[in-house]
Amino acid sequence: MGIALPESMRCVEITAPGGPEVLRPAERPAPVPGPGEILVEVAAAGVNRPDVLQRLGRYDPPPGASDLPGLEIAGRVVALGEGVTEWAATDPVCALVAGGGYAQYCAVPAGQALPVPKGLTMVEAAALPETVFTVWTNVFERGALKPGEVFLVHGGSSGIGTTAIQLAGARGARVFATAGSADKCRACEGLGAERAIDYRTEDFVAVLKEATGGKGVDVVLDMVGGDYIARDIEVMAPDGRHVSIAFLRGAKVTLNLFPVMTKRLTLTGSTLRARPAAEKARIARAVRDEVWPLVEEGRMKPVVHATFPLEQAAEAHRLMESSAHIGKIVLTVGP
Ligand SMILES: NC(=O)c1ccc[n+]([C@@H]2O[C@H](COP(=O)([O-])OP(=O)(O)OC[C@H]3O[C@@H](n4cnc5c(N)ncnc54)[C@H](OP(=O)(O)O)[C@@H]3O)[C@@H](O)[C@H]2O)c1
C-alpha cells in the first residue's frame, strides 16, 4: 500500500430522484481499494449527460458500482489494492469509472486508468475518458470508420461530439456534424468538421447529399434517435454503419427497412457503463495505443466549456440541461 488510507471524504450524493437540487454535498467513508483496484485522490471529475439521467432516476448504476454519480476522474494514486503492479502511489492518472466520480476519493479498476497525457492539466484529463472510450468503441470498433470515409456525428457540440469530430478528423475521415445553433456549428468547424449543419434551420439530409456528390455517409454516430433514424438511413452510403449511443428524441420509431437491405447497411449501438471491467480494460489499452499519442501531439484536445467546484455540482447539471455548453463541464475537487 502507498500512503495511509483516508478515512472519510467529501462527495456529492443524489438524495432522491429529481432536479439538480437533489445533488447535495455530503461526507462519507472513503472507499477501500479491492483486489485489482487503485485508490485515486480526485483532482477533477467530468460531468456527463448520463449523470443527469441517473439523477432523474432513469439510469441506475450497474450492480456493485458506487451510487454516487460521476463516470470519469483525474487525480493521483494514493493506494494500491492487492495484486496491482502497473501503478504506484503519486502516479497522475485519469480513469473511466462505473460511478463514484463526484468525490474526493474514488476506487478504480487498475485496467481502467490511463496516465494523464503529457501537457494536459487534471481538469483536461478528467474531461477525456468517458467520451474517448465511447467514441473509440462505437465509431472505430463497431462503426469501423476508415481514413477517407465520410463520418457524421449528431450533437456535434456535445462532450461526445467534440471528441468524435477531432478523433475522426485526426484519423483521416471527412467529418460532418449537426448542432443546434450557428455558434455551435462554427465551434464544430473550428474543431475540424468540414461542414456543420444547424439542424434548426437546415436539412442535414439535403446538405450531406450535396456535399458528398450523392454518395452519402459511411458512418453515423447518433445520440438523437427518433425521427433522425429514418433520415440517417436515407443519407447513408452503401455498406454504411449506423451506431446509436442515445435516444434524446426517443428510442421507439417506425422505419422502412428496405434501404437497409438494398444498401447493405449495418444498424448497431452500445452502452459502456455496464460492460465488464475486462472489456473496459481492453478498450483502455486500445485508447492508450491509438488515441493518447494524438492527444500528446496536440492533434486533439479536450474542449472544456466550464468548471465548477464539486460542491456546486447542481449548477453544473443546470448548465448541462440548458444545452448552452460547447464541449465538457468539469468539477474541481480541492484537497
Ligand atoms: N452509449 C454510451 O456508451 C454513451 C456514453 C456516453 C454518453 N452517451 C450519450 O451521448 C449523449 C451525449 O452525451 P454528452 O455527455 O456528450 O452530453 P451533452 O454534452 O449534454 O450533449 C448532448 C447534446 O445533445 C443535443 N441535443 C439535446 N437534445 C436534442 C434533440 N432533441 N435533438 C438534437 N440534439 C439534441 C444538445 O445540443 P444542441 O443544442 O445541438 O441540441 C447537446 O449538445 C447523451 O445522450 C449521453 O447519454 C452514451
Side-chain angles (χ1 to χ4, degrees), residues 20 45-56 58-59 62 69-72 96-99 101 126-143 152-167 176-189 191 193 196-204 220-229 231-232 242-251 253 268-275 279-280 283 287 302-306 316-331:
V47 176
N48 292 280
R49 188 69 66 146
D51 306 348
V52 172
L53 297 178
Q54 181 175 342
R55 195 204 70 216
L56 290 165
R58 291 202 239 124
Y59 191 47
L71 300 175
E72 59 185 352
L96 180 81
V97 290
L128 283 174
E130 176 70 13
T131 66
V132 170
F133 278 57
T134 300
V135 169
W136 180 260
T137 190
N138 285 290
V139 175
F140 296 96
E141 293 183 339
R142 304 201 78 73
L152 167 66
V153 57
H154 293 303
S157 64
S158 64
I160 294 278
T162 53
T163 293
I165 290 170
Q166 294 187 79
L167 198 45
F176 295 87
T178 62
S181 73
D183 282 352
K184 288 182 173 184
C185 286
R186 296 300 78 76
C188 293
E189 289 171 355
L191 292 169
I197 302 146
D198 182 346
Y199 69 81
R200 295 181 202 276
T201 58
E202 295 177 288
D203 172 13
F204 71 82
V220 181
L221 182 65
D222 183 28
M223 62 181 73
V224 180
D227 61 317
Y228 272 37
I229 308 261
R231 295 163 73 199
D232 289 340
H242 184 278
V243 191
S244 293
I245 57 162
F247 300 99
L248 290 162
R249 291 196 187 177
V253 292
T268 183
S270 78
T271 60
L272 187 58
R273 192 178 189 184
R275 290 206 224 176
E279 173 67 5
K280 291 176 184 168
I283 299 170
V287 162
V303 179
V304 178
H305 180 89
H317 277 219
R318 280 187 192 100
L319 173 58
M320 176 158 276
E321 285 176 282
S322 78
S323 280
H325 62 293
I326 293 175
K328 295 284 299 186
I329 301 167
V330 178
L331 303 174

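Side chains included, hydrogens not; waters and symmetry mates left out as well; all remaining heavy atoms used. Just so it is clear, the structure is predicted and the values come from calculations on it, not from any experiment. Ligands are counted one by one from 1 in listed order, and the atoms in each one are counted from 1 as well.
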Peer 1: With heavy atoms only and a cut-off of under 4.0 Å, state how Arg273 meets ligand 1: side chain, backbone, both or neither.
Peer 2: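 Contact part for Arg273 vs ligand 1: neither.
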Peer 1: What protein heavy atom lies closest to atom 14 (P) of ligand 1? Include the residue and the distance to one decimal.
Peer 2: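 Checked against all protein heavy atoms, atom 14 (P) of ligand 1 sits closest to Arg49 CB, 3.8 Å.
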Peer 1: Taking a cutoff of less than 4.0 Å between a non-hydrogen atom of the residue and any ligand atom, is His325 in contact with ligand 1?
Peer 2: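 The answer is yes: ligand 1 sits under 4.0 Å from a heavy atom of His325.
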Peer 1: Given that the side chain starts at C-beta and the backbone is N, CA, C, O, which of these parts of Ser270 lies under 4.0 Å from ligand 1, counting heavy atoms, or is it both or neither?
Peer 2: backbone
Peer 1: Suppose we measure from atom 23 (C) of ligand 1 to each protein heavy atom; which comes out shortest, and what is that distance?
Peer 2: Ser158 CB, 3.7 Å
Peer 1: With heavy atoms under 4.0 Å as the rule, classify the contact between Lys328 and ligand 1 as side chain, backbone, both or neither.
Peer 2: neither
Peer 1: Suppose we measure from atom 3 (O) of ligand 1 to each protein heavy atom; which comes out shortest, and what is that distance?
Peer 2: Leu272 N, 3.1 Å
Peer 1: Are Phe204 and Phe176, when compared by the centres of their aromatic rings, separated by less than 6.0 Å?
Peer 2: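 Ring centres of Phe176 and Phe204 not closer than 6.0 Å.
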Peer 1: Where does Ile160 meet ligand 1, judged by heavy-atom distances below 4.0 Å: at the side chain, the backbone, both, or neither?
Peer 2: both
Peer 1: List every atom of ligand 1 that sits less than 4.0 Å from any heavy atom of Ser157, numbering the atoms from 1 in the order shown and giving each element.
Peer 2: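 Under 4.0 Å from Ser157, ligand 1 has these atoms: 43 (O).
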Peer 1: At a non-hydrogen distance cut-off of under 4.0 Å, which region of Arg249 contacts ligand 1 (side chain, backbone, both, or neither)?
Peer 2: side chain
Peer 1: Please report the interatomic distance OG(Ser158) to CD1(Ile165), rounded to the nearest 0.5 Å.
Peer 2: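 Here the interatomic distance stands at 8.0 Å.
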Peer 1: Return the residue, atom name and 0.1 Å-rounded distance of the protein heavy atom closest to atom 8 (N) of ligand 1.
Peer 2: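 For atom 8 (N) of ligand 1, the nearest protein heavy atom is Ile245 O, 3.9 Å.
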Peer 1: So which of Ala164, Gly156, Ala246, Gly226 gets nearest to atom 45 (O) of ligand 1, if we judge by its closest heavy atom?
Peer 2: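 Looking at heavy atoms only, Ala246 sits closest to atom 45 (O) of ligand 1.
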Peer 1: Any idea how His325 and His305 line up, ring-wise: parallel (<30°), tilted (30 to 60°), or perpendicular (>60°)?
Peer 2: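 Answer is perpendicular, since the angle exceeds 60°.
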Peer 1: Among all protein heavy atoms, pick out the one at the shortest distance from atom 26 (N) of ligand 1; state its residue, atom name and that distance to 0.1 Å.
Peer 2: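 Looking only at protein heavy atoms, the one closest to atom 26 (N) of ligand 1 is Leu248 CD1, 3.7 Å.
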Peer 1: Should you measure from each heavy atom of Asn48, which atoms of ligand 1 turn up under 4.0 Å away?
Peer 2: 15 (O)
Peer 1: Give the atoms of ligand 1, by number and element, whose distance to some non-hydrogen atom of Met320 is under 4.0 Å.
Peer 2: 20 (O)
Peer 1: List the steps and the verdict of side chain to side chain donor-acceptor pair (under 3.5 Å) for Ser244 and Arg142.
Peer 2: CA-CA 10 Å; Ser244 293; Arg142 304 201 78 73; over 6 Å; no
Peer 1: Provide, to 0.1 Å, the distance between atom 12 (C) of ligand 1 and the closest protein heavy atom, together with that atom's residue and name.
Peer 2: Met223 SD, 3.6 Å
Peer 1: With atoms numbered from 1 as shown, which atoms in ligand 1 lie under 4.0 angstrom from a non-hydrogen atom of Gly159?
Peer 2: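 Here the atoms of ligand 1 in question are 16 (O), 19 (O).
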Peer 1: Could you tell me the separation between the CZ atom of Arg186 and the CD1 atom of Ile326, rounded to the nearest 0.5 Å?
Peer 2: 11.0 Å
Peer 1: Return yes when Tyr199 approaches ligand 1 closer than 4.0 angstrom through a heavy atom, no otherwise.
Peer 2: yes
Peer 1: Identify the closest protein heavy atom to atom 42 (C) of ligand 1: which residue and atom is it, and at what distance?
Peer 2: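 Here the nearest protein heavy atom works out to Ser323 OG, 3.8 Å.
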